[in-house]
Amino acid sequence: MNKTVALAAAKGGVGKTTSSMYLAAAAVRKDPEARVRVLAADPQSCAARWALEAQESGDTLPFLVQDAKLLDVERLDRDGFEGLTIIDTPPAGAIAVAAVEAADFVVVPSTDTELDLQQAWSTLNGIRNRVPAAVLLCRTEPRTRLYRAVTEALSAQHTPRFDAVIRKRQAIKACMGMAPGKLYEYAQAYGELETMMKEMPA
Ligand SMILES: Nc1ncnc2c1ncn2[C@@H]1O[C@H](COP(=O)(O)OP(=O)(O)O)[C@@H](O)[C@H]1O
Ligand SMILES: [Mg+2]
């Protein structure tokens, strides 16, 4: 699958980096032959740091992680990589814009708070007509009133979203700097992503 997926959200701390790494892991888990890379396109190189820490502790990530600058993202279609590219982006700026431009699909992570949801909507409004996109709820606490309010608001607005909802889990938080083991709800999320991308016009 020669596709590019951008993780984009106008807010920090919503799960862009975590979701980039877990979705990449899920892609390889589903098809061990697949060529998959994560581009660390945020200035903090969070994904690259994650990969480096994994390497230092003797853990091998089953996918590539590459640092990427603005020009790399802008020229993605010319770099010759065949496979699935997942771009971890900064919350705003030229790189975030270029990543959305380069993407076949945009995943917009949000937590189950009203404030993050507002930011997810503004991200979606900025991209919706150019690239297919959907909200992925991350770090959620499904039995709370807040969670219900946020999911109801998403439905009321007919916001495209993943059915998979990533729960708040200590194991996911602690996975930073390691190869994802158990994929939790990210396995379903990746399955949905694949389906949505297959349904897109070529
Ligand atoms: N499902 C989850 N459960 C618990 N903690 C999470 C989960 N997803 C992300 N986190 C934690 O939340 C923080 C922000 O996530 P991160 O992926 O770095 O967000 P972003 O890249 O959008 O800034 C990190 O400390 C991360 O470990
Ligand atoms: Mg990040």
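Counting starts at 1 for both ligands and their atoms, in listed order.
- Note on ligand 1: Gly13 sits in its first shell, one or more heavy atoms being nearer than 4.0 Å.
- Not a single heavy atom of Cys46 lies less than 4.0 angstrom from ligand 1.
- Residue-ligand proximity: Gly12 is placed with a non-hydrogen atom under 4.0 Å from ligand 1.
- Here Ile166 has side-chain heavy atoms under 4.0 Å from ligand 1, and that is the only part of it that gets that close.
- One hydrophobic cluster, built from ILVMFWY side chains closer than 4.5 Å, holds both Val65 and Val28.
- Between Pro132 and Asp104 the shortest side-chain heavy-atom distance does not fall below 4.5 Å.
- In terms of polar-atom proximity, Cys138 is not counted as a contact of ligand 1, lacking any N or O under 3.5 Å from an N or O of the ligand.
- Taking the side chain as every heavy atom from C-beta outward, Val5 and Leu84 approach each other to under 4.5 Å.
- Per-residue contacts place Gly15 under 4.0 angstrom from the following atoms of ligand 1 (heavy atoms of the residue considered): 15 (O), 16 (P), 17 (O), 19 (O), 20 (P), 22 (O).
- Applying the side chain to side chain donor-acceptor pair (under 3.5 Å) definition to pairs two or more places apart or across chains, those involving residues 4-26 are Lys11-Asp116, Thr17-Asp88, Ser19-Tyr186.
- Regarding atom 26 (C) of ligand 1, its nearest protein heavy-atom neighbour is Thr18 OG1, 3.8 Å.
- More than 12 non-hydrogen atoms from other residues, nucleotides or ligands lie less than 6.0 angstrom from CD of Glu53.
- Taking each heavy atom of Ala120 and Ser110 in turn, the nearest pair found is CB-CB, 3.9 Å.
- The neighbour count for Arg169 CZ, taken as heavy atoms of other residues, nucleotides or ligands under 6.0 Å away, is above 12.
- Taken together through direct or relayed side-chain contacts under 4.5 Å among Ile, Leu, Val, Met, Phe, Trp and Tyr, Leu136 and Met196 form part of one hydrophobic cluster.
- Applying the 4.0 Å criterion to heavy atoms of Val14 picks out, from ligand 1, the atoms 19 (O), 20 (P), 22 (O).
- For ligand 1, the polar-atom distance check finds no N/O of Ser19 at less than 3.5 Å from any of the ligand's N/O atoms.
- Taking all heavy atoms of Arg169, Gln170, Glu185 into account, the minimum distance to atom 4 (C) of ligand 1 is reached by Arg169.
- Neither Leu61 nor Leu39 shares a network with the other; the hydrophobic side chains, linked directly or stepwise wherever heavy atoms of I, L, V, M, F, W or Y lie under 4.5 Å apart, form separate groups for each.
- Nearest protein heavy-atom contact of atom 18 (O) of ligand 1 is Thr17 CB, 4.0 Å.
- Note on Thr17: counted as a metal contact of the Mg ion (ligand 2), an N/O/S atom lying under 2.8 Å.
- At least one donor-acceptor pair closer than 3.5 Å links the side chain of Arg49 to the backbone N or O of Gln44.
- For atom 24 (C) of ligand 1, the closest non-hydrogen atom on the protein side is Lys173 NZ, 4.4 Å.
- Checking only distances, Lys16 does come within under 3.5 Å of ligand 1, N or O to N or O.
- Considering backbone and side-chain atoms together, Lys11 places no N or O closer than 3.5 Å to any N or O of ligand 1.
- For Ile172, every heavy-atom contact with ligand 1 shorter than 4.0 Å involves the side chain, none the backbone.
- Nearest-heavy-atom check against atom 11 (C) of ligand 1 across Arg139, Arg167, Glu141 picks out Arg139.
- In Arg78, the CZ atom is crowded: over 12 heavy atoms of neighbouring residues, nucleotides or ligands sit closer than 6.0 Å.
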